[in-house]
There are 2 protein chains.
Amino acid sequence: MTTPKTKPSIDTIAAECLAVRMRMLNRVVTNIYDDALRPLGLKVSQMNILVATAKMGMARPAEVCHRLHLDASTLSRNVERMKARGWLEVVPDEDGRAQPFRLTAQGRKLLQKAAPAWQKAQRKARAILGDEIAEGLKDAIGRLPSEGLPE
Amino acid sequence: MTTPKTKPSIDTIAAECLAVRMRMLNRVVTNIYDDALRPLGLKVSQMNILVATAKMGMARPAEVCHRLHLDASTLSRNVERMKARGWLEVVPDEDGRAQPFRLTAQGRKLLQKAAPAWQKAQRKARAILGDEIAEGLKDAIGRLPSEGLPE
DNA sequence: CTTAGGTGATTGTATATGCATATTTTTTCA
DNA sequence: TGAAAAAATATGCATATACAATCACCTAAG
């Protein structure tokens, strides 16, 4: 029923496209968090990396990318900006290729200061998404194919 | 229960942040569609605009922005690229400020050619998101606050 | 009519994102 | 050991996104 033999019409695409829905809600939700975090000079994309880093202690870029389903080049640039702001610092590693990083004291302080703003945004987002979707998204993330496997 | 008086801990943020979930799934889903559409030289962001334009016939930028919850400056730049590729064309309007646009014949043909690739991506996305979330996202979009209202 | 606002869209600037490619370092294996 | 393959990051390039400021045009107040 969702996979008819006939080529989908433009009307069908308009009515059912999941990318339209995801991307639209992503814009709305991202803007809610960005608005709340703006007084702190922080964007939600950056906060996400700070949180992941805090959880990991010592973060290897490749592992962060894997966890967040983020391209390595994207993370590289984001970390670059966050190092420049003094929120992250690289720590030396035996493997000369690695560039593991961790929170600075300043980065950790920023994250703690951002918690109330995050909570306000989280409430607004939950009001829009509802509890069911909020949980459903978590389940969907659990179903995500592991990185690096073909097709 | 979702709004305790105490400041949320980093662990709480990491475990519950809806922006993390939305943004992660948005990256995954966007990549699925972009991969499917790549042979056509089309990105899903652009296809979304083509579809909306096709549905509207004559599209006024402000109305497209309203429907897609997209910033006017974002749309302006996207339309610019799509005009350059010959997929959209501006039509004259009495009001000298307006810049309404519509599909070109080429744009419509591209959209039709893209339908099978869209369908493949749509199946993959639905396999990850599941039917419940797919419908839930539509409901959430229905709950979105109308543009321009404060708070 | 003339100007003060308002409306619709674009431009300047910054970040986020991903693909393709390059760079550096480590591993493997012949 | 010495070169090829693999791994971890970084760079070049293009697009997407949004806020702030601007530009162009219309409209209403006088």
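All values derive from a computational prediction rather than experimental measurement. Below, chains carry the letters A, B, ... as their sequence lines are ordered, and counting in each starts from 1.
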Participant: Do we see a donor-acceptor contact under 3.5 Å between the side chains of B/Ser73 and B/Ser76?
Facilitator: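 Judged by distance alone, the side chains do not pair up.
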Participant: Tell me which one of A/Gln122, A/Lys120, A/Arg38, A/Lys124 satisfies side chain to side chain donor-acceptor pair (under 3.5 Å) with A/Tyr33.
Facilitator: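 The single option meeting the side chain to side chain donor-acceptor pair (under 3.5 Å) with A/Tyr33 is A/Gln122.
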Participant: Can you tell me how far C1' of C/dA16 sits from CG of B/Asp34, to the nearest Å?
Facilitator: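 From B/Asp34 CG to C/dA16 C1': 14 Å.
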Participant: Let's go through A/Lys138 and A/Glu135 carefully: what are the C-alpha distance in whole Å and the side-chain angles of both, what is the deciding distance for salt bridge (charged side-chain N to carboxylate O under 4.0 Å, His left out) to 0.1 Å, and is it a yes or a no?
Facilitator: CA-CA 5 Å; A/Lys138 186 156 68 175; A/Glu135 291 313 300; 3.6 Å; yes
Participant: Please determine if a side-chain N or O atom of B/Asn78 lies less than 4.0 Å away from the OP1 or OP2 oxygen of D/dT15.
Facilitator: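 Indeed not, no polar side-chain atom of B/Asn78 lies that close.
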Participant: Base, sugar-phosphate or nothing for A/Asp95? Non-hydrogen atoms, less than 4.0 Å.
Facilitator: sugar-phosphate
Participant: Between A/Leu75 and B/Arg85, just flag the one whose closest nucleotide in DNA chain D comes earlier from the 5' side.
Facilitator: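 Of the two residues, A/Leu75 wins.
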Participant: With a cut-off of less than 4.0 Å, is there a side-chain N or O of B/Arg81 near OP1 or OP2 of D/dA14?
Facilitator: no
Participant: Give one of base, sugar-phosphate or nothing for B/Ser45, where a contact means two heavy atoms less than 4.0 Å apart.
Facilitator: sugar-phosphate
Participant: Give one of base, sugar-phosphate or nothing for A/Arg77, where a contact means two heavy atoms less than 4.0 Å apart.
Facilitator: base
Participant: Counting the atoms with a prime plus P, OP1 and OP2 as sugar-phosphate, which does A/Glu94 contact under 4.0 Å by heavy atoms, base, sugar-phosphate, or nothing?
Facilitator: sugar-phosphate
Participant: Please work out if A/Asn31 contacts a base, only the sugar-phosphate, or nothing of the nucleic acid, heavy-atom cut-off 4.0 Å.
Facilitator: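 Sugar-phosphate, no base atom in range.
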Participant: Between A/Ala98 and B/Lys43, which is nearer to the 5' end of DNA chain D once each is assigned its nearest nucleotide?
Facilitator: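 The residue whose closest nucleotide sits nearer the 5' end is A/Ala98.
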Participant: Nearest whole Å is fine: how far is C/dA16 P from B/Arg23 CZ?
Facilitator: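 To the nearest whole Å, that distance equals 8 Å.
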Participant: Looking for any heavy atom pair under 4.0 Å, which part of the strands does B/Thr74 touch: base, sugar-phosphate only, or nothing?
Facilitator: base
Participant: Look at atom CD of A/Glu132 and say whether more than 12 heavy atoms of other residues, nucleotides or ligands are closer to it than 6.0 Å.
Facilitator: no
Participant: To the side chain of A/Ser76, which of D/dA10, C/dG8, D/dA16 is closest?
Facilitator: D/dA10
Participant: CZ/B/Arg27 to CG/A/Leu68 distance, rounded to the nearest 0.5 angstrom?
Facilitator: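 So the CZ of B/Arg27 and the CG of A/Leu68 are separated by 6.0 Å.
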Participant: Within the modelled atom types, does a donor on one side and an acceptor on the other bring the side chain of A/Arg97 and the base of D/dT9 under 3.5 Å apart?
Facilitator: no
Participant: As a test of reading the structure: which of D/dT11, C/dA9, D/dA10 is closest to the side chain of A/Gln99, going by heavy atoms?
Facilitator: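 Looking only at side-chain atoms, A/Gln99 lies closest to D/dA10.
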